[in-house]
Amino acid sequence: MFSSLKIRNYRLFFTGQVVSNTGTWMQRIAQDWLVLSLTGSSAAVGFTTALQFLPMLLFGLYGGVLVDRLPKRPTLLATQSAMGLTGIALAFLTLSGHVQVWHVYVAAFAVGLATVIDNPARQSFVAEMVGPDQLQNAVSLNSANFQSARLIGPAVAGLLITGVGTGWAFLLNGLSFVAPIAGLLMMRSSEINHVERAPRGKGQLREGLRYVAGRPELIWPIVLVGFIGTFGFNFPVWLSAYADDVFHGGAGAYSLFNTLMAVGSVAGALLAARRGTARLRVLIAAALAFGILEIVAALVPSYWLFALLMVPIGMAGLTVNVTANTAVQMGTDPAMRGRVMALFMMVFMGGTPLGAPVVGWITDAYGPRVGFAAGGVVSALAAATVGLALARVGGLRLSFGWNHGHPKVSFVPRERELATAA
């Protein structure tokens, strides 16, 4: 489960990310709560989320082209420093009492700009640190790392918000980037796997898109995470509205919902780390379960039942993310990995500027339950559609039958059905 941590460079990277990811989750919770406190609007929370992911939608593919050309470690030093300075600036504005909602909007957009380069660089750099044999394990542990920080970050943010205010959460996030920067500086260059960088040239963006479009095992997982990322992962909008308007639990309830979701996410990531391969059927099953669980959670009346459902939702959502991420990375040529992972992150995160304002408007207009259920319906339908498309590409057909008096649904090769009919 933890085999990739034997590699020194990856161990330094992993440790630094533990610290900065905790700060990132603290800032996310504080940012959402600050916007809700300043405006009283779920749509404003959705707009803030949209601004943070809008740069990925606008510039994500160009970021991938740059990442394929640039050395990864110096690139990450620059992007991590930029995100740390943004957190410190927002902390200064908040602690001085001069913060306005547009300041939060600008900070969210600035973090999004750094993420355009940082995300594909981090994704690609993992392969250079650990090599292909440990890639599945390292990607899963990265996700477990991020989600483990989600256990600590929201809890600490909730204490800071209720105790001393949101500004301290922003400050600690800014300072947390010292850890990954130190880890990057301490790495041994001789132990990083050399990957030939793409030369500067015309048509590299189109080349990356053609590469993905011609490979069904890449394009369909990317399509699926695009739909789920756009409509199913708008938890800042839904959970803040449930905490404030449905259950009237305040920042403590919001922190609890996020923490319980993180418990499920960590479990999903560790289970993924144990698996040797990333199977597309696991991806489809997890995506379908994710959508159905969101629909069920939207309908339950009980505070504690809703809270407990965050655990399996987190587990299913993280399984979708890790499985799709690993399948795409392992199926991509190293020279194309920056562009392909930029496309992956663009559709997964960049769809949020399109989905978050819509989901926020539905939540404000029709209530959190309708907004949450709508996200689940779209996710489940996307999983079913992509599953049928992949089955068709793989020469499978959906078969209906009976097994000991119970209905049985399964995929079988087309040739088998033709032979049976003959």
Side-chain angles (χ1 to χ4, degrees), residues 27-57 99-109 111-112 154 157-158 161 166 226-258 260-261 290-291 293-303 305-307 309-310 313-314 317 348-382:
Q27 175 146 326
R28 284 192 180 187
I29 301 300
Q31 174 181 283
D32 296 337
W33 201 255
L34 177 60
V35 170
L36 192 65
S37 301
L38 292 172
T39 65
S41 169
S42 294
V45 177
F47 183 66
T48 308
T49 304
L51 282 173
Q52 188 157 334
F53 296 113
L54 181 62
M56 183 65 71
L57 179 64
V99 70
Q100 299 179 38
V101 71
W102 71 267
H103 293 144
V104 186
Y105 292 160
V106 171
F109 189 75
V111 169
I161 291 169
T166 56
F227 273 98
I228 291 180
T230 301
F231 299 104
F233 267 80
N234 290 285
F235 295 110
V237 177
W238 294 322
L239 298 187
S240 59
Y242 266 86
D244 202 41
D245 300 331
V246 177
F247 298 120
H248 309 291
Y254 185 47
S255 178
L256 175 65
F257 296 156
N258 280 280
L260 289 174
M261 186 175 292
F290 177 78
L293 285 167
E294 285 196 336
I295 297 170
V296 172
L299 300 176
V300 298
S302 165
Y303 171 86
L305 184 56
F306 177 86
L309 279 170
M310 295 301 104
I313 287 174
F348 182 60
M349 300 171 61
T352 303
L354 303 177
V358 174
V359 167
W361 175 80
I362 293 173
T363 301
D364 278 342
Y366 301 101
R369 295 189 186 279
V370 174
F372 203 6
V377 168
V378 172
S379 299
L381 288 176

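Numbering starts at 1 and runs along the sequence shown. Everything quoted here is computed from the prediction, not taken from an experiment.
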Checklist entry - Looking at side-chain heavy atoms only, is the closest gap between Trp238 and Phe233 below 4.5 Å? => result no
Locate the shortest heavy-atom distance separating [X] from [Y]; write the atom from each residue and the value.
| X | Y | value |
| --- | --- | --- |
| Ala108 | Gln31 | CB-OE1, 4.1 Å |
| Ile313 | Ala297 | CD1-CB, 3.9 Å |
| Ile161 | Trp33 | CG2-CD1, 3.8 Å |
| Ala243 | Ala253 | CB-CB, 3.9 Å |
| Ile362 | Gly371 | CG2-CA, 3.8 Å |
| Val35 | Val45 | CG1-N, 3.8 Å |

Item to check | Aromatic ring pairing Phe306/Phe247, orientation class (parallel under 30°, perpendicular over 60°, tilted between) | outcome: tilted
Gap between atom [atom2] of [Y] and atom [atom1] of [X] - 0.5 Å precision:
| X | Y | atom1 | atom2 | answer |
| --- | --- | --- | --- | --- |
| Gln100 | Thr39 | CD | OG1 | 13.0 Å |
| Tyr303 | Phe257 | OH | CZ | 4.5 Å |
| Met310 | Leu305 | CE | CG | 9.5 Å |
| Met261 | Leu239 | CE | CG | 5.0 Å |
| Thr48 | Arg28 | OG1 | CZ | 13.0 Å |

Checklist outcome for this item: Applying side chain to side chain donor-acceptor pair (under 3.5 Å) to Glu294 and not counting sequence neighbours gives none
Next on the checklist: Determine whether Phe372 and Phe235 satisfy the following criterion, side chain to side chain contact (heavy atoms under 4.5 Å, CB included), listing intermediate values before the conclusion.
Outcome noted: CA-CA 9 Å; Phe372 203 6; Phe235 295 110; 4.0 Å; yes
Item to check | Qualifying residues under side-chain contact (heavy atoms from CB on, under 4.5 Å), relative to Val296, sequence neighbours excluded | outcome: Ile292, Val300, Leu309
Item to check | Main-chain N/O of Phe227 paired to Thr230 side chain as donor or acceptor, under 3.5 Å | outcome: no
Checklist entry - Can you check side chain to side chain contact (heavy atoms under 4.5 Å, CB included) on Tyr254 and Leu36, steps first, answer last? => result CA-CA 12 Å; Tyr254 185 47; Leu36 192 65; over 6 Å; no
Item to check | Worked verdict on Leu381 versus Phe231 for side chain to side chain contact (heavy atoms under 4.5 Å, CB included) | outcome: CA-CA 11 Å; Leu381 288 176; Phe231 299 104; over 6 Å; no
